[in-house]
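Here is the structure we will look at.
Note that these values count all heavy atoms, side chains included, but never hydrogens, waters or copies made by symmetry. Throughout, residue positions are numbered sequentially from 1 according to the sequence presented. Just so you know, these numbers come straight off a predicted model, no measurement behind them.
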Amino acid sequence: MNDIVMDAPYRPAGLDKGQQGLIGKPVDRYEGPLKVTGTAQYAVEGAPEGTLFAHVIGATIGCGTVTMIDSAAAEAMPGVVAIITDHEQFVSSGGNSQEPMPGWTREIDHFGQPVGLVVAETLEAARAAALAVLVTYDEREGRYDPRDQPVIEDHGIGFLPTIVKGDVDKAIDAAEIQFDQIYTTPPHFPAALEPHAATAWWEGDNLVLRASLQVLGGARSTIARALGIDKERVRILAPYVGGGFGGKTGVGPETVLAAAAARDLGRPVKISLPRRQTAAIVHHRGDTVQRVRIGCDKEGRISAFAHESVTSQKDGKGFLEPVPFGTLPLYAAENRKFTTALTRVDLPPSGAVRAPGEAVGTFAVECAMDELAEQLGLDPIELRKRNEPESDPTSGKPFSTRLMTQCYDEGARRFGWDQREAAPGSVTDGEWLIGMGMAAALRGNFTVNSEARVTLTPEGRAVIETDMTDIGTGTYTILAQVAGEMLGLPADRIDVRLGDTDYPASAGSGGSFGAGSSGSAVALACEEILAQLALRMNAAPGELALKDSCVSVGKRSVPIADLVDKPIVATGNMEPGAESRRTSQASHGAQFAEVAVNAVTGEVRVRRLIGVFDVGRVMNEKTARNQMVGGMIWGIGYALSEDAVVDTRTGQFVNPDFGEYHVAVHADAPAVECHFIEQIDDSANPVGAKAVGELGISGAGAAVANAIYNACGVRVRDFPVTLDKLLAGLPPV
């Protein structure tokens, strides 16, 4: 095994010596033909013969206790196999687990919480029977409005503690210019296209689960604990995941319920959550209230910066939206304060959703910087440049790489920022008011333990195996490119096998760390194979030149297949180390938006959206751009429409499906442009790549909001920016 701990920059990277010409190129998706022909199997496909269908019975109150479940009428319905409501019997029948079934209890703390399960021969029968089950409750008054709950500052949850440096209050009071505003963001749904689903069956004492999950290693352990079995007896298959956006990073009740029902009934069981149930059973992003305070001199040099937030979570959950995470290294200021307080609510759990922290934190911070720039009479880019730090202003660590100012300059050039009129409402096009806005983008970079196995076969093919998932991000393609570049093999000579816990454990998909982590594991495995090939060529690994399935040393060239009489199997393992603690690592960018606001109706149309980004090594120009453009479009949705509305009388979401929860669609998205400024970051990982996908979300919504203000002069601080918040303040045209 080639086991590397990142205790120092990784130099030279093996990819730098590759000659195949795959890395960075816009290589088409490895699995694309399977997806467009409908032959890629997702969680509810490829089920064994005799599979039963299950439907979760959800609570119809938001807070209280189940007093009775009458399933007699449902049990008599055609096709019904079982109605499972006895929680204790259902959980304990397979082992000695002391963990409760996730989300299944008689004590109700949020609307839609599972209280039972119907299993039937058909999906229609299961759903019909679930509606026929009569559940009665002892209902209690619930905490459904986060704004009405006490704020808890000393809560001890979440990964981001309170950070205080210097005396912010004193520095702001002494500052020549003072800024203090409050911004709010609503709850957001992950909103993946593929339903949250699982198909489970048992092969003797071993569970096989085809599920829609982003991180298989953690899921395997969670499922095993819930069922009271060893994790080695759990095999999870997730070769294709139709989007996750954070919602599939954990294990939902549907996964464990399917497994337990299949065990008890002796037949495979499939569960696919309907959209309206997904909102109640799958976590969402919590709402935020954010106060931004800034003190600076008349030239705009910031001396004090405070980003203080409040977000919500249900009882018993340890996740807390890391609202100020992206702000920590963003702007220089000697005095700094970053806090995230908590309110407890009786709502479904909040969790990681599409760039946790940065997605919502940049709304407040980047709009605040825009407002401060206007207060100072400065160009928004100039204000940001004057406060660009030389090192991480919070931790004091050196940046691994940081091209933020280059992103500002290149973005401004491409966008035509010099044509912007600073005075709001200055540019019109008929009854449309035209405005431009910008924002900085930042996404923290993580590198996570990841392992991969690469086999070089006597036929001259490379086979990659890792339990890494591809949630639409291009993992299959990128790993094939890494192996092809390292081993000198064309892409069609690479076989990639993902999403199976029988393979080596990876980082999984989440946090934008997948490509850098799993790609590094593949590269390290290939380095071990290169060492074996070098022995057979009587040369040092550094002397090898590999291209088009041949190995060359000097003038001698040999087909790879001629050197491999039996498979060469190598494993690469990459772990974070001292380098990630020594340096401050992030991806950076600048977002630019042009919008049109209708002076009569308040309708907002995004006309242009351009982003320039620093993401380390660009592994695949096409898949990287695809991820960034998708993130930027999420930003449009956050700015203009996404709002998971809670009925504060009952605790239920009133818009839990795509008919009413409005994500950005084709009509909302202009021709989005994404450009990269590449600088390989050898402190990040052995392939030099940093976070990509979620960076595109960061700052995009704020750029749109700032452009709206520039267009019409109405500053909205409670997102999303819907037309009802604009109409009263629109100027006449």
Side-chain angles (χ1 to χ4, degrees), residues 1 3 43 46-48 50-52 54 82 84 86-105 114 117 119 196-239 241 248-271 316-318 448-453 465-469 497-510 517-518 521 569 571-573 575:
M1 174 183 288
D3 192 345
T51 295
L52 298 170
I84 304 169
D86 189 330
H87 169 247
E88 295 300 327
Q89 178 183 352
F90 191 44
V91 174
S92 63
S93 61
N96 298 315
S97 172
Q98 298 302 309
E99 279 201 16
M101 186 72 69
W104 186 321
T105 174
L117 188 74
V119 186
H196 291 249
T199 303
W201 65 95
W202 291 76
E203 296 176 351
D205 293 333
N206 297 319
L207 169 66
V208 181
L209 191 69
R210 185 180 289 274
S212 189
L213 297 167
Q214 294 178 228
V215 184
L216 302 193
R220 189 185 197 190
S221 298
T222 299
I223 293 164
R225 287 195 302 268
L227 297 172
I229 63 177
D230 294 334
K231 68 177 184 179
E232 289 72 21
R233 289 172 51 194
V234 178
R235 182 186 183 191
I236 303 176
L237 304 173
V241 179
K248 297 173 182 175
T249 49
V251 176
E254 76 284 353
T255 304
V256 181
L257 293 176
R263 178 191 60 197
D264 284 12
L265 298 175
R267 290 175 61 180
V269 173
K270 174 188 299 187
I271 299 178
K317 295 295 182 180
V448 182
N449 289 31
S450 205
E451 189 173 312
R453 181 169 55 240
E465 294 172 318
T466 172
D467 78 354
M468 181 65 186
T469 52
R497 301 170 183 171
L498 303 180
D500 186 337
T501 52
D502 278 359
Y503 300 149
S506 73
S509 296
S517 301
S518 60
V569 182
T571 302
N573 182 61
E575 301 177 32

Non-neighbouring partners of [X] that pass side-chain hydrogen bond (donor to acceptor under 3.5 Å, both in side chains), sequence neighbours left out:
X      : value
Asp3   : Asn573
Thr255 : none
Thr469 : Ser509

Problem - Side-chain donor or acceptor of Thr51 paired with backbone N/O of Pro268 under 3.5 Å - result: no

Handout entry: Ser506 (side chain) donor-acceptor with Met468 (main chain) under 3.5 angstrom
Key = yes

Practice task
Among residues two or more places apart or on two chains, list those pairs meeting salt bridge (charged side-chain N to carboxylate O under 4.0 Å, His left out) that have a residue in residues 497-507.
Solution key: Arg235-Asp500, Arg235-Asp502, Glu465-Arg497

Practice task
Keeping to residues at least two apart or across chains, list the salt bridge (charged side-chain N to carboxylate O under 4.0 Å, His left out) pairs with something in residues 203-214.
Solution key: none

Handout entry: Between OG1 on residue Thr466 and CG on residue Leu498, distance to nearest 0.5 Å
Key = 7.0 Å

Practice task
Quick one: do Glu254 and Leu257 satisfy side chain to side chain contact (heavy atoms under 4.5 Å, CB included)? Show the steps, please.
Solution key: CA-CA 5 Å; Glu254 76 284 353; Leu257 293 176; 5.7 Å; no

Please name the pair of heavy atoms, one in [X] and one in [Y], separated by the smallest distance, quoted to 0.1 Å.
X      : Y      : value
Ile271 : Ala54  : CG1-CB, 3.4 Å
Ala200 : Ala262 : O-CB, 3.6 Å
Lys231 : Arg220 : O-NE, 2.9 Å
Ala224 : Asp230 : CB-C, 4.0 Å
Ser450 : Ala507 : OG-N, 3.2 Å

Exercise for the section: Check the pair Val256, Val251 against side chain to side chain contact (heavy atoms under 4.5 Å, CB included), reporting the backbone distance first and the verdict last. Expected result: CA-CA 8 Å; Val256 181; Val251 176; 3.8 Å; yes

Problem - side chain to side chain contact (heavy atoms under 4.5 Å, CB included) between Leu209 and Leu237, intermediate numbers included - result: CA-CA 6 Å; Leu209 191 69; Leu237 304 173; over 6 Å; no

Exercise for the section: Using the test side chain to side chain contact (heavy atoms under 4.5 Å, CB included), find all partners of Ala43 that sit at least two apart in sequence or belong to another chain. Expected result: Glu194, Ala197, Ser212

Problem - Residue pair Thr501 / Val234, side-chain heavy-atom distance below 4.5 Å - result: no

